[in-house]
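Structure record follows, encoded as structure tokens.
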Amino acid sequence: MSEAVERVLDVVTETAPEIRAGLSGRREYETAENPSGDQMLAADVHADELLEERLLSVDAVAEYASEEREGTVESEGGHLHVACDPLDGSSNLKSNNVMGTIVAIYDEPLPAPGEALVGAAYVLYGPITNMVAAVDGAVTESVVHSEDGGAERHVVDEDVTLPADPVVYGFGGRVPDWPADFEAFVREIEQDLKLRYGGAMIGDVSQVLEYGGIFAYPALQSAPNGKLRLQFEGNPIGYIVECAGGRSSNGEESLLAVEPTELHQRVPVHVGNTGLIERLEGALAE
Ligand code: AHG
Ligand code: MN
Ligand code: MN
């Protein structure tokens, strides 16, 4: 792993306990919407401000972008372009369910293709705060320990790999809004899998990485590009799952191959065991 990528992951590690500590007391919605038109919680804004300040202070970071802000913020020098989802699943805050922070580290200016990723990670604010990071094709899970004002991550699994036999599935959107070919795929695979859908992609992807299976926020009849954003959610999660031996897809091809057109573009996201993704692509191609 390059020192620069390591430094970015260290900064996210150090910031995670502060994001988590800042959640209570920030459960109310801001008046402003984010560029995707989503309502923002005070917790989204707090996490975004912390990450912007900390990540732009890293010499190697040339650019910071997040789903909460229109444009990118540039700094002198640097060669890494960082795109964050400061708080993924923030609608889970009021119901006190899991959420996460996603960081995508590209070596090209934003918006960049997933193939330009040199690292990606998520922090999951669950019973334990952990970080799952993919760098150089390998996925590592660490537990984040905050100690007297600082924070460290201790590796608990240095080779996170999708189990061969899928167990869980979780799909976003409303069933009547699913296109018929996607629904037919669901009706087929749900015979063999258990439903695990928690409303925060990071929590649902963590289930897939642990137990094997598939997560998707698919194309909807009302939203053909789905809900999730390529730069901040699709690319980093697709990279992590592919590095863990699985596959990602926009319905036709790997998310990492999707041409970036604009910073906040949405993309249908499907990630999980290779066999399930191939069955999905076959079902959508019919
Ligand atoms: P964010 O909070 O960053 O906007 O992400 C929420 C996303 C994703 O985490 C989750 O998979 C999806 O929204 C859930 O959408 P629904 O509430 O429509 O199920
Ligand atoms: Mn999100
Ligand atoms: Mn978010």
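Counting starts at 1 for both ligands and their atoms, following the listed order. When a residue number appears, it is its place in the shown sequence, counting from 1.
The proximity of Asp85 to ligand 1, defined as any non-hydrogen pair under 4.0 Å, is limited to the side chain. Only the side chain of Lys227 comes within 4.0 Å of ligand 1, judged by heavy-atom distances. Of all the heavy atoms of Phe171, none lies under 4.0 Å from any atom of ligand 1, so neither backbone nor side chain is involved. For Leu87, every heavy-atom contact with ligand 1 shorter than 4.0 Å involves the backbone, none the side chain.
Nearest N/O/S atom of Asp88 with respect to the Mn ion (ligand 2) is recorded as OD1. In Glu233, the N, O or S atom that comes nearest to the Mn ion (ligand 2) is OE2.
For residue Ile102, no N/O/S atom approaches the Mn ion (ligand 3) to within less than 2.8 Å.
Interface atoms of ligand 1 facing Met201, defined by a heavy-atom separation under 4.0 Å, are 8 (C), 9 (O), 10 (C), 11 (O). Taking every non-hydrogen atom of Phe215 and a distance limit under 4.0 Å, the qualifying atoms of ligand 1 come out as 11 (O). Atoms of ligand 1 found under 4.0 Å from any heavy atom of Glu233 (numbered from 1 in listed order, with element): 3 (O), 5 (O).
Atom 7 (C) of ligand 1 has its closest protein heavy atom at Leu228 CD2, 3.7 Å. At the top of the distance list for atom 6 (C) of ligand 1, counting protein heavy atoms only, stands Gly89 N, 3.8 Å. Atom 5 (O) of ligand 1 has its closest protein heavy atom at Asp88 OD1, 3.2 Å. Taking atom 19 (O) of ligand 1 as the reference point, the nearest protein heavy-atom neighbour is Tyr197 OH, 2.7 Å. The nearest heavy-atom contact from the protein to atom 18 (O) of ligand 1 is Tyr217 OH, 2.9 Å.
With distances taken over non-hydrogen atoms, the option nearest atom 3 (O) of ligand 1 out of Gln39, Met40, Glu67 is Glu67.
Checked by atom type and distance alone, the side chain of Trp178 pairs as donor or acceptor with a backbone atom of Gly172 at under 3.5 Å. Remark: the backbone N or O of Leu255 is paired with a side-chain donor or acceptor of Ser248 at under 3.5 angstrom. Remark: the backbone N or O of Val45 is not paired with any side-chain donor or acceptor of Arg26 at under 3.5 angstrom. Looking only at distances, no side-chain donor or acceptor of Arg279 sits under 3.5 Å from a matching main-chain atom of Phe185. At distances below 3.5 Å, at least one donor-acceptor pair connects side-chain atoms of Gln221 with backbone N or O atoms of Pro176.
Angle OE2 (Glu67) to the Mn ion (ligand 3) to OD1 (Asp85): 90°, rounded to 10°.
Minimum interatomic distance between Pro163 and Leu209 (heavy atoms only, all atoms of both residues): CD-O, 3.5 Å.
Using modelled atom types and a 3.5 Å distance limit, the side chains of Asp192 and Tyr169 yield no donor-acceptor pair. For Tyr125 and Thr101, the side-chain atoms include at least one donor-acceptor pair closer than 3.5 Å.
Ligand 1 is approached by Ala200 to a heavy-atom distance shorter than 4.0 Å. Ligand 1 is never approached by Arg174 to a heavy-atom distance shorter than 4.0 Å. The shell of residues lying under 4.0 angstrom from ligand 1, judged by heavy atoms, excludes Ile102.
Inclusion of Ser90 in the set of residues having an N or O under 3.5 Å from an N or O of ligand 1 is warranted. By the 3.5 Å distance cut-off applied to N or O atoms, Arg229 is counted among the residues near ligand 1.
For the salt bridge (charged side-chain N to carboxylate O under 4.0 Å, His left out) criterion with Arg229, the lone passing option out of Asp38, Asp85, Asp88 is Asp38. With Ser254 as reference, Glu242 is the one residue of Glu242, Arg247, Glu115 to meet the side chain to side chain donor-acceptor pair (under 3.5 Å) rule.
Residues His270 and Phe171 keep their aromatic ring centres 6.0 Å or farther apart.
A salt bridge does not link Arg7 with Glu3: none of the charged nitrogens is closer than 4.0 Å to a carboxylate oxygen. A salt bridge between Arg153 and Glu6 is present, with a side-chain N of the basic residue lying under 4.0 Å from a carboxylate O of the acidic one.
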